[in-house]
Amino acid sequence: MDFTHELNSRQLEAVMNTKGPALVIAGAGSGKTRVLTYRIAQLLSQGVPAYRILALTFTNKAAREMQHRIAALVGETQAANLWMGTFHSIFGKILRLEAPLLGYTPDFTIYDAQDSKNMIKQIMKELQLDDKIYNPNAVQGRISMAKNMLVTPDAYARSADIQLADKMAKKPLIHEIYRYYATRCKKNNVMDFDDLLLQTNILFRDFPDTLEKYQRKFEYILVDEYQDTNYSQYLIIKKLAALNRNICVVGDDAQSIYSFRGARIENILNFKNDYPEYSLYKLEQNYRSTVTIVGTANSVIAHNEEQIPKELFSRNEEGEKIKVIRALTDREEGVQVVNEIYRLAQNEHQDYSHFAILYRTNAQSRLFEEALRKQNIPYRIYGGTSFYQRKEVKDLLAYLRLAVNQDDEESLRRVINYPRRGIGETTVEQLRHAARAHDSTLWHALSNVESLHDCLSPGTIRKLEPFKTLIESFAEMTKTESAYHVVHRVVTASGIVTDLETDNTPEGISRKENIQEFLNAVKAFSETAYKENREDKLAPFLAEIALLTDQDNDQSNDLPKVTLMTVHSAKGLEFPTVCVVGLEETLFPSIRSSHSSSELAEERRLFYVALTRAEKRLILSHATTRYHNGEIISPPPSRFLQEIHPRYIETPAPRRGAPRHQTIARPRVTMPVKRAEVPEINTAELQPAAPEAIVPGVVVYHPSFGTGQVISIEGLGDNRKAKIDFPQHDIKVLLLKFAKLFTEKA
DNA sequence: CTCTTCCAGCTTTTT
DNA sequence: GCTGGAAGAG
């Protein structure tokens, strides 16, 4: 096979040197996927059997794309035999094969984040912990952190550091919740997303023979997006690669944007320590973007310290300068950005699919949707609630999961009274109580409901019996019938259809359509399974969709549409024109990143990711005022805008007559706060500041922070806060109720 | 047990 | 501004 014409010399080296550990630092748009696919093709052409190659990605989409590209190089059959997929799907598969070793059955249920949060809430209720103090999100975050760091409930309870942190957070009993949660998951034959990695680690730790089996099997290991691996993933890879040491990791430290989910940028930075004999390949030529865009991105990321040294460059055209749109309000920002898209589409006959609007938070999408709808521009939104998160789909899924695994308590709770059959909370709690007394599951209590005549009324038992029989009949079906038959039967026999039938509101109709859509998905699964000679039973179907996201059933059908998504979900994608919007302090960078420089650095990498999505043209926008959680805020423009080297930014054309397409005269921005330029104040002439005098722009004096300038005001009543820039200190947010502020006497 | 109304909460989220 | 969950009435 001859790759020399397809690859540059750096890429070629990375492809051809297949032995030993390799670190590929792949800058944005530098042909990372190309290197991975050709490297795999090279291995296959050397005679390495496909089933001995393990290739790990973070998204199903990335895995599928790679599979297609490899199939094009070496043919379908070989490509299909590769062990290629996401961490979660590959190790989920291995765990199903080895489940009995760990005390699970191969049909274990996978819980998504929502399911596990519900379970945590339930456990907290049983432990009588107040969910005002024990915020379920925070608790879940702690447990997830622990799992990703391979901290067992015992270790969690014993760790002095962790206990101190939890005590400080006024949540000293998280270890109890964690313990119950872990026990119940196991009892229910359930794994959450973190378990797919944690249990793999446990498997490899406790069963050396099994580890060795997979070490021998996977002669070559490749990992995509290595900068986004967490500790748990890192350790799995390290263990698997220990025997052959043929490990190739590809990544870009500048694009590490998932530390909030436990990703550890140091994994890529420390690769050289784990594999001292490694070879390093730096891919620095960007094939995606114009010189201007690459220069812009470089000038921004240069503000981060601690990077793997590299210089991304482009030999593409110079390209157009960056357009910065400044709008008075958030709504106006939407209108102006959409106008610009409209103008480009008209003047340059650009297809609408060539445009993407990228924002920091999903909540920002609404204004752009409205503006696009008004202009009759087709668009597609990514993110928000995905198909499998919809209530009606989750209801149906709960029945299906129960049919496969009756011990799945969350699913049982979800449908025991849906559709309404008069089984309320009290009854379920009685069952839970009975289950606890026998140290068994909720289903176990329900299936022995006759023995509970002491605590349940005959009437209640009469309501529970038919439900129990219903689930048993579904369970019976799954053994022999195809997934499609079971789902079809569940939809009708459970009463879901009758329940939805009565609702003829637009939402109700959409719910029915979603159920239909689900049926289509099952049918599609059955057909592929049949074609590929796999079982088309319900269990493998559920296993497959548990790890699917809405980006996966992306039917980019019909007409070309503008793409709207968060910057996070845009990673790995590219568009001719990219609009990065909402570039204001507190929003991008997020306010939550303001207290630590490492979080700010991550925000900057996120901005870098956004910029490097663009091929030809970049449009950046910010608004002077915007609604945020129902309040008006007026944050200054993002510092990231100032970090772009000015030579890349388009300077507004001098006004010659009225501009043709301007919809609204642009008022001057009142407050482009630049640090350290706060006017002096005469400290001799001060008076206590009246609350109404504290407005953006006003210069104030604070006894300990000195002179500062008000950036913005948030909150109402006693909660009113001022964000003030004190050049001698920092930007502070002060509660006006307490802050002793002074203004100059008029 | 069920329905309504009210109130707090609220980044990002490949799996 | 929107959503999900809790509380209270029927």
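Throughout, protein chains are lettered first and strands after them, A, B, ... in sequence-line order, and every chain is numbered starting at 1.
Against the 90° criterion about 0, the sugar-base torsion of B:dT12 places it in the anti range.
Between A:Phe518 and A:Phe387, the ring-plane angle classifies as parallel under the 30° and 60° cut-offs.
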Verdict with supporting geometry, A:Arg288 and A:Glu574, side-chain contact (heavy atoms from CB on, under 4.5 Å): CA-CA 8 Å; A:Arg288 178 186 296 154; A:Glu574 57 188 19; 2.6 Å; yes
Between A:Ser116 and A:Gln140, does the side-chain hydrogen bond (donor to acceptor under 3.5 Å, both in side chains) criterion hold? Intermediate values first, please. CA-CA 8 Å; A:Ser116 62; A:Gln140 187 180 34; 2.8 Å; yes
Do A:Ser590 and A:Ser593 pass the side-chain hydrogen bond (donor to acceptor under 3.5 Å, both in side chains) test, and can you show the C-alpha distance, the side-chain angles, and the key distance before you say yes or no? CA-CA 6 Å; A:Ser590 153; A:Ser593 70; 5.0 Å; no
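Of the candidates B:dT12, B:dT13, B:dC10, B:dT12 carries the atom nearest the A:Thr361 side chain, counting heavy atoms from C-beta on.
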Using atom names, set out every protein N or O paired with an N or O of nucleotides 4-7 of chain C below 3.5 Å, distance rounded to 0.1 Å.
none

Tabulated below should be each protein N or O lying under 3.5 Å from an N or O of nucleotides 1-6 of chain B; please produce it.
unit_1: B:dC1; atom_1: OP1; unit_2: A:Gly424; atom_2: N; d: 2.4
unit_1: B:dC1; atom_1: OP2; unit_2: A:Thr426; atom_2: OG1; d: 2.6
unit_1: B:dT2; atom_1: OP2; unit_2: A:Asn417; atom_2: ND2; d: 3.1
unit_1: B:dC3; atom_1: OP2; unit_2: A:Arg420; atom_2: NH1; d: 2.5

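The nearest whole Å value for the distance from the CG atom in A:Asp330 to the P atom in C:dG1 is 11 Å. Look at CD1 on A:Ile257: it is 18 Å from P on B:dT11, rounded to the nearest Å. Rounding to whole angstrom units, OH of residue A:Tyr388 and C1' of B:dT13 are separated by 19 Å. Summarising the geometry, the separation between NE2 on A:His88 and C1' on B:dT13 is reported as 11 Å, rounded to the nearest angstrom. The interatomic distance linking A:Lys391 (NZ) with C:dT3 (C1') rounds to 15 Å, in whole Å. Atom CG of A:Leu196 is separated from atom C1' of B:dT14 by 14 Å (rounded to the nearest Å). Rounding to whole angstrom units, OH of residue A:Tyr382 and P of B:dT12 are separated by 19 Å. Between the P atom of B:dT13 and the CG atom of A:Leu547 lies a distance of 18 Å, rounded to the nearest Å.
Between A:Thr566 and the phosphate of B:dT13, there is a side-chain N or O to OP1/OP2 separation shorter than 4.0 Å. Put simply, A:Asn137 has no side-chain N or O that comes within less than 4.0 Å of OP1 or OP2 on B:dC10. The phosphate of B:dT11 (OP1 or OP2) has no side-chain N or O of A:Ser593 nearer than 4.0 angstrom.
A salt bridge (Lys or Arg N to Asp or Glu O under 4.0 Å) with A:Arg401 is found for one member of A:Asp112, A:Asp115, A:Asp107, A:Asp395 and no other, namely A:Asp115. Among A:Asp194, A:Asp192, A:Asp408, the one residue that satisfies the side chain to side chain donor-acceptor pair (under 3.5 Å) test with A:Tyr111 is A:Asp408.
Within the nucleic acid shown, A:Asn362 comes within 4.0 Å of sugar-phosphate atoms alone, with no base atom in reach, counting heavy atoms only. A:Tyr258 comes within 4.0 angstrom of a nucleotide base, judged by non-hydrogen atoms across all strands. Among the heavy atoms of the strands, none lies under 4.0 Å from A:Glu602.
Aromatic ring centres of A:Phe588 and A:His622: separated by at least 6.0 Å.
Stacking here means ring centres nearer than 5.5 Å and ring planes tilted less than 30 degrees, and by that measure A:Phe260 stacks onto B:dT12.
Within the 4.5 Å cutoff, side-chain heavy atoms of A:Leu542 are placed close to those of A:Leu400. Looking at A:Gln122 and A:Arg413, their side chains come closer than 4.5 Å, going by heavy atoms from C-beta outward.
Along DNA chain B, the nucleotide nearest to A:Arg360 and the one nearest to A:Arg261 differ in position, and the one closer to the 5' end is contacted by A:Arg360.
Remark: A:Glu584 engages A:Arg626 in a salt bridge, criterion side-chain N to carboxylate O under 4.0 Å.
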